[in-house]
Structures are given as C-alpha cells and as structure tokens.
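These notes concern the structure reproduced below.
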Amino acid sequence: MPFSQPTVIRSRRAVLPDGERPADVLIQGGRIARTAPYGSLAAREGELVDLGDTALLPGLVDTHVHVNEPGRTEWEGFATATRAAAAGGVTTIVDMPLNSIPPTTTVAGLALKRKAADGQAWVDLGFWGGAVPGNLADLEPLHQAGVFGFKSFLAPSGVDEFPHVEAADLEAALAEQARIGALAIIHAEDPAVLAAAPQQPGVHYRDFLASRPADAETAAVARLLDTARRTGARVHVLHVSSAAVLPLLRQAREDGVRVTAETCPHYLTLAAEQVPDGDTAFKCCPPIRDESNRDALWEALGRGEFIAVVSDHSPSTPDLKLLPEYGGSGDFAAAWGGIASLQLGLPAVWTEARRRGHTLADVVRWMSAGPAELVGLTGTKGAIAAGHDADLVAFDPDGGFAVRASGLHHRNPVTPYAGRTLTGAVRATWLRGREVDPAARPFGRQLARPQADPTRFTTATPITTATPIPSERA
Ligand SMILES: [Zn+2]
C-alpha cells in the first residue's frame, strides 16, 4: 500500500456489521467517520486506497495470546508477538497472565507487564489478570487497574508460578469476581480425570491424546458451571477442544448461567489423525482431537455456540518443544504444550470455513466482533462502523501461500501449520488509520478494561470506550 494514512479506503468486498458489500470507508482522526456506497466518497490523490476485489475486514481481536515477557522473553516477547499479530491481520491482543515471570496476579506484576510492553507494541494490547490460590485480595485492585478479567486453571498450568485452583479456591475466586463484576476465564480440564488417564510417554500422538481425554474437559466444565450457578459469576470457557462439553454449556445457558466459550483455529483446522509421530509442534492442552470431533465443533460454531475463535498462541523455544529437527526426542508427554499460530489464524480458519460454506462475515463475527464483545470493546473494536477505531485489514480471500515457519514474525520458527498451503492472504493492516509497518516505530496502545462492564446478558448495552492508560505512547 503506497499511503500510510489514507482518508478513504474502498473495497468491493467490505465486511460491515450487516454483511459484505462494496463500500467506501471514511477515516478521520484514526477513527471510522462513516461508511458509504462504493465509489461515492471523494478523496484527493494520495488519500484514497482502492482495494478493488481485495476484501476489507475489521482488524481481528485475539483475546488469547501468551506473550511471556518479562521473564520468558526467549519464548515470545511483545515486539515479536505484536509484529506477528499485525502481519496476520490482528489489531488487538489481550495477553494471558502466565508464562511471563512474574505472572499477572498482582498490581505490581501488571505494572511490570505494562512497562515491558511500553514502546514495543505494533498493535493495541490489553491484559488479563490471574486468579490463583492466595491472591483473592489482589483481584479487586487488578480489576480497577484495568485487567479484562481473571484466568484460572482447574488443572496444573505447566508452570510452577501459576498454580491451579482447587474447588474451595474456585468457589472463593468466582464469588469475589461476581461481587466486583469481573469476567472469569477458565482452563477447564479436571486433574483427577487426567491423573486416572493412561500416561504413556513417547512419540505417538494417540498416546498423548489418551492422556488428556475428553472426559477431563466435561468433568471440569460441569464443576465450573456448578460453581458459576452458586456464585452468579460470569464465566468463559477457554479453548474448548472437545465437542462433548457443548450440551453442558447449552443447558447452563438455558438455566440462566452467564457462560460463554471459545475455540481455536487448531481445533477447527487440524485433526489427531494427521499429526505425525514426534511432531510436537502440534502439542497443546487440551489436545487436538479427531476429525469427527472437529466436525462437531464446526457445527456448533455455525449455530453461534462460540463467542470467539482465538489463537491461544503459546510458543516456547524449540528445545522445550523437543522437536526432532532440533535434536529433541519428540516425546509428546515431556514437550512444552502450546501452539504458535498468531500470524496464521485468519487464513487457517478462512481456508476451512470457505470449504465448509461459511462466509467472510462469519469469520469476522468469530474472530473480530465476537472477541471484542467478550472483553467489552464493542464500540471501539471489532467492526467497520462509525465511531470505531480505524483498525482495518486488506485480505485477499483467494490468495494462497505455503507456510514457512522461518517466514513468520513470532520469535521461534515453530508452528504446526508449517508446510501447509492456506487460502487467504493479509495484504495490509491499519491500526487507528495508520498502516502498520514492522520496519517503522510501533504505535500500539495499551488498553484498559472499559469502565462499564460488558453487558451482553442484559437488555441495555452501553457503548463502551477503550480507555488508553495514561502512560501510553500515541
Ligand atoms: Zn492459553
């Protein structure tokens, strides 16, 4: 794109809140001033970008990203993660509270995160807090400091400094979050079911899969929903991998429990049958399951049962993945569990969505509008509509490319998508009206939770505004 700050972007395939159509988008002061019929807005030469048949989407909102800085920056840092995000059409990320050291379980930990991210973010950036045993008194100050909610694990997290919650801890954490109006986001696998499952180490994916059965998810979700019923907390189930939890979620919603759920590109686009022996790039928890389960996730997605499709980008260094190509053993049991995909979520999901008869508007609902709604950013993010930030993506829905891990911007060149051919290519990304250029200075802002809580469960939905925190760099 030749111009860094257009005033009109024109596309024959603009995805607006009510569907895809030819449109002009007028940008003023970093925001969308209005949308208009294609070709109807005048602009001086140099201020108009005509995308032709390349689609124009609202920037994606990825509410599930593990950046790992400070403390494990060699796994992933703010600069590398946010460059990957921008290259993949993601204009807002919300960073998970663990795998960095310290974890974001205190206001002091949040301050360190913000300091580490300062001046390094190519996209806008918010933070989740963590609810762990012993930090109940930290939740309200963190909530007031602007975290978007609190993550808890029901089973061991994989890192010692972020312990999981037992039943009594969960009850107390959810009661406190109900009191302060926070959103609880939960890694739902049950430790007792995991402990009883066969533990056979080695390079065979089927053995790893057997060690993390679907029952671990259903048992944990059932326990979570019981606790949510008793406490009245608003809960969100992270990275649903097993379709067996969906009937539980439907029933709870019918009973009035405030529960939402997300799934991830890897559960929708990869399948256990395809995982090569020893290829631990595919290891994540909960695991990628079989093809019939994947089909059931797609059906649920089509019925609107997931509010969001988000990456769960959770890389590590290649040595911790024990990848054979780096001299590792390929042992699924011992390898770090986490998938690196931040830059690839949009084309990965689009490739499979198109094959299954879904539209770009569907993908935008799952990956932009939905996650924006989850974190209360409806009104500024997640839509091409007047008043929203001009966070925009030029996306060629017919462009194809072969994934090379070394060509990706995230820190370590590992991804299970390596070698795949994906359909759909990001051509340009604009953040608040300016094109993101990985070679130039970053201008992402740090976001705080809007003061009005997300209210998708009430009838009156206020327009919320993302509040940049005072120390931001514009
Ligand atoms: Zn995660």
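As the structure lists them, so they are numbered: ligands from 1, and atoms in each ligand from 1.
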Aromatic ring pairing Phe148/Trp128, orientation class (parallel under 30°, perpendicular over 60°, tilted between):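 Perpendicular, since the angle between the ring planes exceeds 60°.
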
Within less than 2.8 Å of the Zn ion (ligand 1): protein N, O or S atom count: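 Those protein atoms number 3 in total.
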
Salt bridge (Lys or Arg N to Asp or Glu O under 4.0 Å) contacts in which one or both residues fall within residues 67-83, not counting sequence neighbours: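 Found Arg72-Glu161.
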
Among Ile186, Leu224, Val235, side chain to side chain contact (heavy atoms under 4.5 Å, CB included) partner for Val259: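 Answer after filtering Ile186, Leu224, Val235: Val235.
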
Pairs satisfying side chain to side chain donor-acceptor pair (under 3.5 Å), at least one member in residues 319-341, at least two apart: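 Applying side chain to side chain donor-acceptor pair (under 3.5 Å) to every pair that reaches into residues 319-341, excluding sequence neighbours, yields Thr317-Asp319.
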
Pair Asp362-Thr359, side-chain donor/acceptor within less than 3.5 Å: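 Side chains of Asp362 and Thr359: pair found under 3.5 Å.
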
Residue list, salt bridge (Lys or Arg N to Asp or Glu O under 4.0 Å) with Glu352, at least two apart or on another chain: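 With neighbours one apart ignored, the set is Arg355, Arg356.
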
